[in-house]
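All residue numbers refer to positions in the sequence shown, counting from 1. Note that the structure is a prediction, hence the values are computed from the model and not measured. All values below were derived from every heavy atom in this structure, side-chain atoms included, with hydrogens, water molecules and symmetry-related copies excluded.
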Amino acid sequence: MPLSGRRVLVTRALQQAGKLSDGLQALGMEPVEVPVLEIRPPDSYDPLDAALRKLEPVKFSQVFDWLILTSANTVLTVAARCKLLEVDFAEIKALKVAAVGSATAEAARKVGFRVTVVPDSYHSEGLVAALGSSVLGKRVLLARAKVARDVIPDALTAVGALMTVVDAYQTALPDGSRESLVEALRAGVDVATFTSSSSVRNLAEVAREAGIAFPLAGVAAVSIGPVTSATLREQGWEPAGEARPSDIPGLIAAVERVIKGIGNRE
């Protein structure tokens, strides 16, 4: 079996790695978790809380027409802050919600959001295309990670949206990632998976701190989508595979294709 025993580097945050690791393991591969991202609160919740209070239609006549959710992390944070602030978003009938991809939409629906728009392509550009002129003159709240591309706010502002952008969380390098990477590579890795541009940049930083050449020698890179692939190329690492669609099942399928290709060459 070409997949059996193949070691696959999983760089997701520890609390998010389960779905990817479980899927790889179900196919006979060995997931090697080296988290290079840690989800942390923003520097202050004040801007997010102030914006979320304005979702309350009774008190503020609903300041926002649209809420854009960019990740499952964003969903969980927004839902938790709304609960703390006693803002019942499930009762806000006029609020339209857009999610950047299927996993984000699934997380949003689980906590009670009525998701209006999910793009066919699960990245910022796809969401912008899906929203199009529907946000013209509309008040849009974008909740996202502290360090994020400005594709969505810039493009939607250009088509006439009235944007408010707030940080829901930030990412950082977790403690011990350098030692974990050294140990993983000592045992050998066949494929490295990347679910965001941050995971690429952070792994590069960890490798360089550990004195390990980057890209990782003899390791095939597989990305979750075109934006992450572009970041890999910026770092000098041509992806061997890319998820289609850009979600975790798509990433697992891409890893499977890459490893089968490696097996055929051997």
K.L.:
For the pair Thr157 (side chain) and Asp154 (backbone), establish whether a donor and an acceptor sit closer than 3.5 Å, ignoring hydrogens and angles.
P.N.:
no
K.L.:
Check whether more than 12 heavy atoms from other residues, nucleotides or ligands sit under 6.0 Å from atom CD of Glu183, and answer yes or no.
P.N.:
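Check fails, neighbour count at 12 or below.
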K.L.:
Do Ile152 and Leu131 have side chains that get closer than 4.5 Å, going by heavy atoms?
P.N.:
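No, every pair of side-chain atoms sits at 4.5 Å or beyond.
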K.L.:
Given the rule that I, L, V, M, F, W and Y join up when any side-chain heavy atoms are under 4.5 Å apart, are Leu9 and Leu27 in one cluster?
P.N.:
no
K.L.:
What are the two closest heavy atoms between Ser197 and Thr231, and how far apart are they?
P.N.:
OG-OG1, 2.6 Å
K.L.:
Give the minimum heavy-atom separation between Val222 and Ala254, together with the two atoms involved.
P.N.:
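Answer, listing the atom of Val222 first, then Ala254: CG1-CB, 3.6 Å.
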K.L.:
How far does CG of Leu55 sit from CG of Leu85, to the nearest 0.5 angstrom?
P.N.:
9.5 Å
K.L.:
What's the verdict on side chain to side chain contact (heavy atoms under 4.5 Å, CB included) for Asp150 and Arg144, showing C-alpha distance, side-chain angles and the deciding distance?
P.N.:
CA-CA 10 Å; Asp150 288 327; Arg144 64 179 191 176; 2.9 Å; yes
K.L.:
With a 4.0 Å cut-off on N to O distance, would you call Asp43 and Lys146 a salt bridge?
P.N.:
yes
K.L.:
Specify the closest pair of heavy atoms between Ser223 and Leu232, including all atoms of both residues, with the distance to one decimal.
P.N.:
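For Ser223 and Leu232, the tightest heavy-atom pair comes out as CB-CD1, 3.8 Å.
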K.L.:
Taking 4.0 angstrom as the limit, do Asp190 and Arg7 come out as a salt bridge?
P.N.:
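Arg7 and Asp190: not salt-bridged.
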K.L.:
Would you say the side chains of Tyr169 and Ser71 form a donor-acceptor pair under 3.5 Å?
P.N.:
yes
K.L.:
Do Ile224 and Ile248 have side-chain heavy atoms sitting under 4.5 Å apart?
P.N.:
yes
K.L.:
Do Leu185 and Leu216 have side-chain heavy atoms sitting under 4.5 Å apart?
P.N.:
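Yes, side chains in contact.
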K.L.:
Name the residue from Thr77, Leu52, Val111, Asp88 that meets the side-chain contact (heavy atoms from CB on, under 4.5 Å) definition with Cys82.
P.N.:
Leu52
K.L.:
Show me, pair by pair, the donor-acceptor contacts under 3.5 angstrom made by side chains of residues 32-39, not counting sequence neighbours?
P.N.:
unit_1, atom_1, unit_2, atom_2, d
Glu33, OE2, Ser21, OG, 2.7
Glu38, OE2, Arg40, NE, 2.7
Glu38, OE2, Arg40, NH2, 2.9

K.L.:
Determine whether Val135 and Val159 make a side-chain contact, defined as any pair of heavy atoms from C-beta on separated by less than 4.5 Å.
P.N.:
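Side-chain contact under 4.5 Å: yes.
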K.L.:
Side chains of Glu256 and Leu3, heavy atoms from C-beta outward: is any pair under 4.5 Å?
P.N.:
yes
K.L.:
Check whether any side-chain heavy atom of Val8 lies under 4.5 Å from a side-chain heavy atom of Val189, and answer yes or no.
P.N.:
no
K.L.:
Could you check Ile259 against Met29 for side chain to side chain contact (heavy atoms under 4.5 Å, CB included), going step by step and ending with a plain yes or no?
P.N.:
CA-CA 10 Å; Ile259 288 181; Met29 292 174 271; 3.4 Å; yes
K.L.:
Can you tell me how far apart CD (Glu86) and CZ (Arg53) are? Round to the nearest 0.5 Å.
P.N.:
10.5 Å
K.L.:
Enter the distance from Leu203:CG to Gln235:CD here, rounded to the nearest 0.5 Å.
P.N.:
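Reported to 0.5 Å precision, the distance equals 9.5 Å.
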K.L.:
Could you please spell out the steps behind the side chain to side chain contact (heavy atoms under 4.5 Å, CB included) verdict for Val128 and Glu125?
P.N.:
CA-CA 5 Å; Val128 168; Glu125 290 83 355; 5.7 Å; no
K.L.:
Return the set of residues passing salt bridge (charged side-chain N to carboxylate O under 4.0 Å, His left out) with Glu205 (not counting sequence neighbours), or none when no residue passes.
P.N.:
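For Glu205, no residue satisfies salt bridge (charged side-chain N to carboxylate O under 4.0 Å, His left out) once neighbours in sequence are set aside.
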K.L.:
Are Val227 and Val118 co-members of a hydrophobic cluster defined by side-chain heavy atoms under 4.5 Å apart?
P.N.:
no
K.L.:
Answer with yes or no whether the hydrophobic clustering places Leu48 together with Val75; edges join I, L, V, M, F, W, Y residues whose side-chain heavy atoms lie under 4.5 Å apart.
P.N.:
yes
K.L.:
For Arg81, what residues pass the side-chain hydrogen bond (donor to acceptor under 3.5 Å, both in side chains) criterion, not counting sequence neighbours?
P.N.:
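With neighbours one apart ignored, the set is Asp49.
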K.L.:
Determine whether Leu162 and Phe64 fall in the same hydrophobic cluster, where Ile, Leu, Val, Met, Phe, Trp and Tyr are linked whenever their side-chain heavy atoms lie under 4.5 Å apart.
P.N.:
no
K.L.:
With heavy-atom distances below 4.5 Å as the criterion, would you say the side chains of Tyr45 and Asp167 are in contact?
P.N.:
no
K.L.:
Are Val219 and Leu24 connected in a single hydrophobic cluster, I mean Ile/Leu/Val/Met/Phe/Trp/Tyr linked by side-chain heavy atoms less than 4.5 Å apart?
P.N.:
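No.
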K.L.:
Check Glu30 with Arg6, please: is the shortest side-chain N to carboxylate O separation under 4.0 Å?
P.N.:
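Salt bridge between Arg6 and Glu30, a charged N being under 4.0 Å from a carboxylate O: no.
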K.L.:
Return the orientation label for the Phe214 and Trp237 ring planes: parallel under 30°, perpendicular over 60°, tilted otherwise.
P.N.:
perpendicular
K.L.:
Heavy-atom distance under 4.5 Å between the side chains of Thr193 and Leu20, does that happen here?
P.N.:
yes
K.L.:
Can you give me the closest heavy-atom contact between Leu142 and Pro153, atom names plus distance?
P.N.:
CD2-CD, 3.6 Å
K.L.:
Provide the closest heavy-atom pair for Val100 versus Ser124 in the form atom of the first, atom of the second, distance.
P.N.:
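For Val100 versus Ser124, the nearest heavy atoms are CG2-N, 4.0 Å.
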K.L.:
Check the pair Val200, Glu234 against side chain to side chain contact (heavy atoms under 4.5 Å, CB included), reporting the backbone distance first and the verdict last.
P.N.:
CA-CA 10 Å; Val200 176; Glu234 288 171 7; over 6 Å; no
K.L.:
Minimum heavy-atom separation for Thr104 and Ala72, please, with both atom names.
P.N.:
OG1-N, 3.8 Å
